[in-house]
Amino acid sequence: MLNYTVNRRSIPIVNDGIKKPGDDKGKKYLKRIIISGLFSILFLYIIIYTLPKTILSTSSLLEHSVTAALIIFLVVLLFRYFSTLFFAYLYLNKYTFKHAVNYHPFISIIIPVFNEEKMIKNSISSLLGLNYENYEIIIVNDGSTDKTKDETEKFVGLHKGKFNEIKISLINKPHGGKSTALNAGIRYSQAEIVVCMDGDSMLSPNSLKYAVRHFVDPRIGAVAGNVKVFNRGKFLTDLQALEYLEGLNLVRNAQSFFKLVNIIPGPIGIFRREVILNAGFYSNDTFAEDADLTLKILSKKWKVCYEPNSISYTEAPEKLQQLLRQRYRWTRGILQSIKKQKKILLNPLISFGNTIILWTMFYEALIWPIMNITANLFFITVALAFGYTSLIFFWWAALAFLDLVIAIYCIAAEKEEFRIVAYALIYRIFFILIIDVCKTFSTIEEFLGFKMTWKKLDRIGTAKI
Amino acid sequence: MELIPILSTIVLVATISTFLLAIGAYILFKIREKKGIHIYPKQPSCVEAELVAPIGEKEEIKPVKAEENAEPKSTEPINEKEKQKSADLRFQEYKKEGIVKKEPAEEKKGDDISDGKESSKFLKYTSEGYVPPKEDKDSGAMRWR
């Protein structure tokens, strides 16, 4: 450690968006339930009334509608798969031939921490070993109740980085949520570029070096990094490692071809500081502040791209309950964020690209899980009631084959562990089904305006680069 | 016995079990969440925080307000080629959206005018840059009729 004196003083912090979602909405949602219920009854009445006037019988109506639904489902699924694969391939190809430039702006890395005593040491150690010469670290302690404050204070000062001294500062503030902590750090920073990450995440040595070169293009407002699961080796975490590869990173690659990445992940997001100021900082009126900020940035017509080499390692939930909690928050948070951009969702003339992105998110959060569950329920019913057991097998085989192909592609593209490929066989029938059930219930709860609180995941603290 | 019926049965049982597991786990999750529910007290618009930092340089948190109507512009690229490319792109973008972007020279000239002489709403473009129309008339330069 180098020689320095630590200064300790109190500062005022502006609290942003203090309203939490889900408040005072009871009557509004009751009205919504009554209206949608009445519409459903009307719709059913029309079907029952008009059916005898057509050539269809009740059984043939069911048969035809189920067949049509399945065909639509398959077409959508194949279109989604191949378009994602195609654009991801194009982006990766374009990316491969792009040369790095000599551009090293000053960067502030902001780490919001809340009860991260187990993880903070590893996080900071990973940040001191970055292959970048011009950066500082700002830790924002969001009113931790454990020993996080003492642990982080040990690091305050000037530390030896890979190329020069790295300044580490600490802001201790009362508990207000991750968004307020990040905002405090962003306000304190005077850098051109800010990196927002989680207190339990660790960055790979080249993450800043690769991400920063995108900002040479003045239209780029932010860069999404590549999140990888660190605590592998367990059934659920391995499945999530595969999901991050083929479900999240592949999609981000495809979106990055159009420079319209819709979610900058919490564990690694690189922003122009002025872009965050323009977009109005992180707000805490949604439960997915990262998705919300990204959509706000896109709505200001900035471009957002993805950098596969900016890797952030994060601890994934190891227990099913923790996973459901995380996905519940993601689903409701994304729906809340989409709702905030209603104008762009409904009017493609404002920004066609953003409208498409919002509809894709809406589809992924709302329609896709219901379609998947319905298809599975249909095959179960057909097997149990009519004895067509082989249909569910062929359905699984077709989807497993697609997942296997994509898993191999993603693992080859990202030079990942090959053993994860095997999980593709049960990925859709087990993992995605559980997630989709959770997403559907979360969507219903969001629609009905159930109250929701943010609960932090319990960390094990085993991750170390 | 054939392989497909066996595999089909396995897949069927697995799907049904997963469904039951998912619904059961979700119900359990909701029960556990309800037990630990707590609502944060509403916070004031400004809170006191403690800054611990090595001495020197900046120490203040600037009270920055969100700039609602800003738009992509910003940093200049490094090398000349990139600079030209991005300038072209920016031009296209502004042209597309019909936004008039002031050139630095224009802004500078405008400032000079407001400092010294009477400020004018209209400026004339000449080889010297933007000048007030009256000033240009006096210069004696040839004009189109």
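Chain naming here is simple, since letters A, B, ... match the order of the sequence lines and numbering starts at 1 in each.
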Approximate separation, where rounding is to 0.5 Å, of Lys149(A) NZ and Glu50(B) CD: 5.0 Å
Flag side-chain contact, heavy atom, 4.5 Å: Trp395(A) against Val11(B): no
Test item: Trp396(A) and Leu7(B) side chains (from C-beta on) under 4.5 Å apart, heavy atoms: no
Residue part contacting chain B, namely of Leu320(A), when any heavy atom lies under 4.5 Å: side chain
Exercise: identify the closest heavy-atom pair between Ala25(B) and Gln321(A): O-NE2, 3.2 Å
Verdict with supporting geometry, Phe393(A) and Ile10(B), side chain to side chain contact (heavy atoms under 4.5 Å, CB included): CA-CA 9 Å; Phe393(A) 168 73; Ile10(B) 293 169; over 6 Å; no
Interface residue of largest heavy-atom contact number with chain B, from Gly143(A), Pro105(A), Ser169(A), under 4.5 Å: Ser169(A)
Side chain to side chain donor-acceptor pair (under 3.5 Å) involving Ser351(A) - partner list, sequence neighbours excluded: Asn354(A)
Top contributor to chain A interface from Leu21(B), Leu12(B), Val52(B) [non-hydrogen pairs under 4.5 Å]: Val52(B)
Pairwise salt bridge (Lys or Arg N to Asp or Glu O under 4.0 Å) hits with a residue in residues 373-387 of chain A, at least two apart: none
Residue selection (most heavy-atom pairs with chain B, distance under 4.5 Å) from Ile426(A), Ile139(A), Leu377(A): Leu377(A)
Interatomic distance, Ile392(A) atom CD1 to Ile16(B) atom CD1 [nearest 0.5 angstrom]: 7.0 Å
Max heavy-atom pair count under 4.5 Å with chain B, selected residue of Ile186(A), Leu170(A), Leu324(A), Val437(A): Leu170(A)
Spatial distance of atom OG1 (Thr18(B)) from atom CZ (Arg428(A)) [nearest 0.5 Å]: 13.5 Å
Nearest-0.5 Å distance that lies between atom OG in Ser17(B) and atom CZ in Phe430(A): 9.5 Å
Set of residues satisfying salt bridge (charged side-chain N to carboxylate O under 4.0 Å, His left out) with respect to Lys30(B), sequence neighbours excluded: Glu445(A)
Largest heavy-atom contact set with chain A, pairs under 4.5 Å, which of Thr9(B), Ile23(B), Thr15(B): Thr15(B)
Geometric class of the Tyr328(A)/Phe29(B) ring pair [parallel <30°, tilted 30-60°, perpendicular >60°]: perpendicular
Heavy-atom contacts under 4.5 Å, residues 378-387 of chain A to chain B: Ile380(A), Ala383(A), Leu384(A)
Chain B contact via Phe431(A) - side chain, backbone, both or neither, heavy atoms under 4.5 Å: neither
Heavy-atom pair with the smallest gap, counting every atom of Ala53(B) and Tyr188(A): CB-OH, 3.9 Å
Close side-chain approach of Ser390(A) to Pro5(B), heavy-atom, < 4.5 Å: no
